[in-house]
Structures are given as C-alpha cells and as structure tokens.
Amino acid sequence: MWIRVLGAAAGGGFPQWNCGCPQCRGVREGTLRAQPRTQECVAISSDGDGWFLLNASPEIRAQIESFPPLHPRAPRDTPIRGVLLTNGDLDHWLGLLSLRESQPLTVWATETVRAGIVEHNAAYRTLARFDGQCVWRRLRPGRSDQLMPGLTVEAIAVPGKPPLHLARLLAVGDEHTVGFVLRANGKSLAYFSSVASLTAPIRDALDAVDVAFFDGTFWSSDELIRLGVGDKRSEEMAHIPVQESLPSLARARCAQRFFIHINNTNPILRDDSDERASISSAKWQVARDGLEIHL
Ligand SMILES: [Zn+2]
Ligand SMILES: [Zn+2]
C-alpha cells in the first residue's frame, strides 16, 4: 500500500486565512519552527495505479497537482477511483465540488453523510448534471467493502455529531462519523481523523494495523477559549483532545502512528514544543503535507 498525505491540517489549514493566533502569525513570518499545512486529505493506492482519497478538502486542486501520480494520463482522465468520506463536515468534502468538469466520480460514505451532502444543497447539482456523474457507494459501519481488487475498506463507527451547518436539520445518529481500516497485500492502515471519544472498536483497530492516523485537532480542551479565537471546548466540536487520548494511544500496538487533522492552534505543530516532545516519547508523530509511507 502506498500512502501519501496531501494535507494534514484541520479545517482552516495552517495558517488559517483569518487567524492571527501566535502560531499562525509565527508560521507566516517564518519565526516558528513549524511547517505550513493544508487541510486534511490523504491518497492511498494498493497498486500505484488507481488511487482513493480519504476526504476531499477545499484545497483539493492544488493537492492533486502536488502529487504527480494523481495527474491525468489522457486528455480527460483521472487515476482517482473514489473518494471516501469520514463525515459531512465541510472541510472534508467541499473539494468534491471542485471535481466537477464532468468527470465521473465515485464517493463512499454512510447514508447519513450522503443525505447531508445531496439533500438541502442546490450546489450539489453540479455533480448531478448527467446520469452516473457521481455514484454513491454506501459504507455501513462494521462491514468490509471492496474498493478494487485487492483493496478493502471497513468502516468503523466513531462517536461524532452532525456537521455544524446541518445541526438543526439532521438528527443525531450513529453514522455521522466513521473511521476506516484499509487492507491490501497483507498490510493495513487505520484512519480516524475525527474522534469524539475512544471506544473499544477504535482501540482494537489501532492494535491490529501497521499504520494509524488519529485525530490530532486540539491539544487541550479549552485551547480556542484560552487563545480568544473561539468559545467552544474541543469536546463540543466532537474532537477528543490529544492531552486526553495520548495515554491510551501510547499503548496502541501499531508500529507507525501519526496525528492528523491538526488545528492551527495545536502546539504539537511546533517542532520544538513540550507538547511535541510528549507525543514523541509516546512514539507518535505529527503528519505533514507530503509525508509518504510504503507498506
Ligand atoms: Zn475537519
Ligand atoms: Zn491560528
């Protein structure tokens, strides 16, 4: 399996266009020991030919251009065989709307996530201009599906919540957020970029795979409040803070493990922070744009 991180930041990116927090300022001015990061999106392939995207960020066009294996090989073509969505938050699927240009697409998502995108959304009709332009394939938590010969995905239910823009339109259910276990050639990858709390199935998945990506949105619960850039605690945004998840994650048995979907306020972005040192001693790393893993 070939894994390429196209973007490792949470919604907004790093730096975020309207954020003047110390970290966003520092990375803009070059005074911080940290790399800029675009919004979360990961490409995977089992054969180096066909590719699947895990989430489709608003920065998808530049992310595709940044990685030649995703470039077209004919006048109208894409090696992207499908897009898998972890949930319906805008930073995870707005990129779909940038993949118009009459290109047939296959999107894998739970029924709840599909309905949130297709219903209540006139702009979605740009992906429904002709029959078969956008094919939806249903993910069901607990079931394994074949993406292509030799590559399977198992969706795993994750505690989450409806996306903000649908808060009063959709009921709270158990299919708002999923994680993935992808398997190919005897190797496996666990992908949990949005997790409100650690459950037994998530822990089991982290013990069973070769590589894991996990929600690194916030370091602490009150990070946004203390910096004066928001009024919500991380739990209210359905993200378990790293400070809280780390003791359990340190015991996970997978060999390579990375935090991803990192908010620009999270001090683990700084190469020389104490928080980075604590995740390093727990044998976790911080994903960055351009990171590649070959299994
Ligand atoms: Zn997000
Ligand atoms: Zn910021």
Side-chain angles (χ1 to χ4, degrees), residues 3-16 19-42 158 179 189-198 202-203 205-207 209-230 232-235 237-295:
I3 302 161
R4 166 88 175 200
V5 175
L6 301 173
F14 178 50
Q16 175 176 313
C19 191
C21 78
Q23 294 202 160
C24 286
R25 273 206 321 273
V27 78
R28 274 189 200 104
E29 291 164 3
T31 54
L32 204 70
R33 284 193 52 198
Q35 269 180 36
R37 286 166 169 82
T38 60
Q39 295 168 84
E40 178 215 351
C41 186
V42 172
V158 170
L189 158 71
Y191 194 82
F192 295 99
S193 62
S194 294
V195 177
S197 61
L198 262 169
I202 299 174
R203 284 200 185 90
L206 296 176
D207 282 339
V209 296
D210 300 291
V211 179
F213 286 85
F214 193 84
D215 186 337
T217 311
F218 300 111
W219 171 259
S220 55
S221 170
D222 61 350
E223 190 167 306
L224 298 182
I225 300 167
R226 270 188 298 111
L227 286 163
V229 297
K232 288 200 173 68
R233 305 184 77 84
S234 67
E235 294 83 354
M237 302 169 80
H239 293 292
I240 185 173
V242 174
Q243 205 172 29
E244 194 180 315
S245 61
L246 194 59
S248 295
L249 295 178
R251 296 192 296 271
R253 287 200 285 269
C254 51
Q256 298 189 68
R257 45 275 186 107
F258 300 88
F259 286 106
I260 195 163
H261 193 271
I262 303 143
N263 198 59
N264 55 76
T265 50
N266 190 333
I268 65 173
L269 286 168
R270 296 202 317 267
D271 298 339
D272 53 358
S273 67
D274 293 345
E275 293 83 356
R276 171 70 73 82
S278 25
I279 69 155
S280 299
S281 54
K283 307 266 187 308
W284 279 76
Q285 300 178 59
V286 181
R288 55 178 170 73
D289 295 20
L291 171 77
E292 267 186 39
I293 300 162
H294 295 263
L295 289 175

Close side-chain approach of Gln243 to Glu223, heavy-atom, < 4.5 Å: no
Name each donor-acceptor pair under 3.5 Å that joins a side chain in residues 256-263 to protein atoms two or more places apart or in another chain, with its distance.
from: Arg257; atom 1: NE; to: Lys283; atom 2: O; distance (Å): 2.8
from: Arg257; atom 1: NH1; to: Ala252; atom 2: O; distance (Å): 2.6
from: Arg257; atom 1: NH1; to: Cys254; atom 2: O; distance (Å): 3.4
from: Arg257; atom 1: NH2; to: Ala250; atom 2: O; distance (Å): 3.2
from: Arg257; atom 1: NH2; to: Ala282; atom 2: O; distance (Å): 3.0
from: His261; atom 1: ND1; to: Thr217; atom 2: OG1; distance (Å): 2.9
from: His261; atom 1: NE2; to: Asp91; atom 2: OD2; distance (Å): 3.3
from: His261; atom 1: NE2; to: His92; atom 2: NE2; distance (Å): 3.1
from: Asn263; atom 1: ND2; to: Thr265; atom 2: OG1; distance (Å): 2.7

Closest heavy-atom pair and its distance - Leu206, Ala212: CD2-CB, 3.6 Å
Gln39 side chain vs Gly12 backbone, donor-acceptor pair below 3.5 Å: yes
Inter-residue atom distance Ser193.OG - His239.NE2, 0.5 Å rounding: 8.0 Å
Atom of Phe14, atom of Ala34 and distance for their closest heavy-atom approach: CE2-CB, 4.0 Å
Exercise: identify the closest heavy-atom pair between Val209 and Leu189: CG1-C, 4.1 Å
side-chain contact (heavy atoms from CB on, under 4.5 Å) against Ser248, all qualifying residues, sequence neighbours excluded: Leu198, Arg203, Arg251
Neighbour count above 12 (heavy atom, 6.0 Å) for Arg253 CZ: no
Test item: Ser278 side-chain N/O and Asp274 main-chain N/O as donor-acceptor pair under 3.5 Å: yes
Least distance between heavy atoms, Ala9 atom then Arg37 atom: CB-O, 3.7 Å
CD1 on Ile202 to CG on Asp207, rounded to 0.5 Å: 12.0 Å
Value rounded to 0.5 Å, distance of CG in Leu246 from OG in Ser281: 7.5 Å
Side chain to side chain, Pro22 and Leu227, heavy atoms closer than 4.5 Å: yes
Residue pair Ser197 / Glu244, side-chain heavy-atom distance below 4.5 Å: no
Pairwise side-chain contact, Ser221 with Glu235, heavy-atom cut-off 4.5 Å (strictly under): yes
Interatomic spacing from OG in Ser273 to CD in Gln23 - rounded to 0.5 Å: 7.5 Å
Non-neighbouring partners of Asp272 that pass side-chain contact (heavy atoms from CB on, under 4.5 Å), sequence neighbours left out: Arg33, Arg270
Contacts of type side-chain contact (heavy atoms from CB on, under 4.5 Å), residue Asp210, not counting sequence neighbours: Lys187, Ser188, Leu295
Those residues that, when tested against Thr38, pass side-chain contact (heavy atoms from CB on, under 4.5 Å) (two or more places apart): Glu59, Gln63, Asp289
Qualifying residues under salt bridge (Lys or Arg N to Asp or Glu O under 4.0 Å), relative to Arg288, sequence neighbours excluded: none
Non-hydrogen side-chain atoms of Leu224 and Met237 separated by less than 4.5 Å: yes
Distance in Å, Glu275 CD paired with Asn266 CG, rounded so as to fall on 0.5 Å steps: 8.0 Å
Mutual orientation of the aromatic rings belonging to Phe213 and Tyr191 [parallel < 30°, tilted 30-60°, perpendicular > 60°]: tilted
Separation between CG of Leu269 and CH2 of Trp219, rounded to the nearest 0.5 Å: 12.0 Å
Taking every non-hydrogen atom, the tightest pair across Ser220 and Arg226: OG-NH2, 2.9 Å
Donor-acceptor pair between Gln16 and Asn264 side chains, under 3.5 angstrom: yes
Nearest heavy-atom neighbours spanning Pro36 and Pro15: CB-CD, 4.3 Å
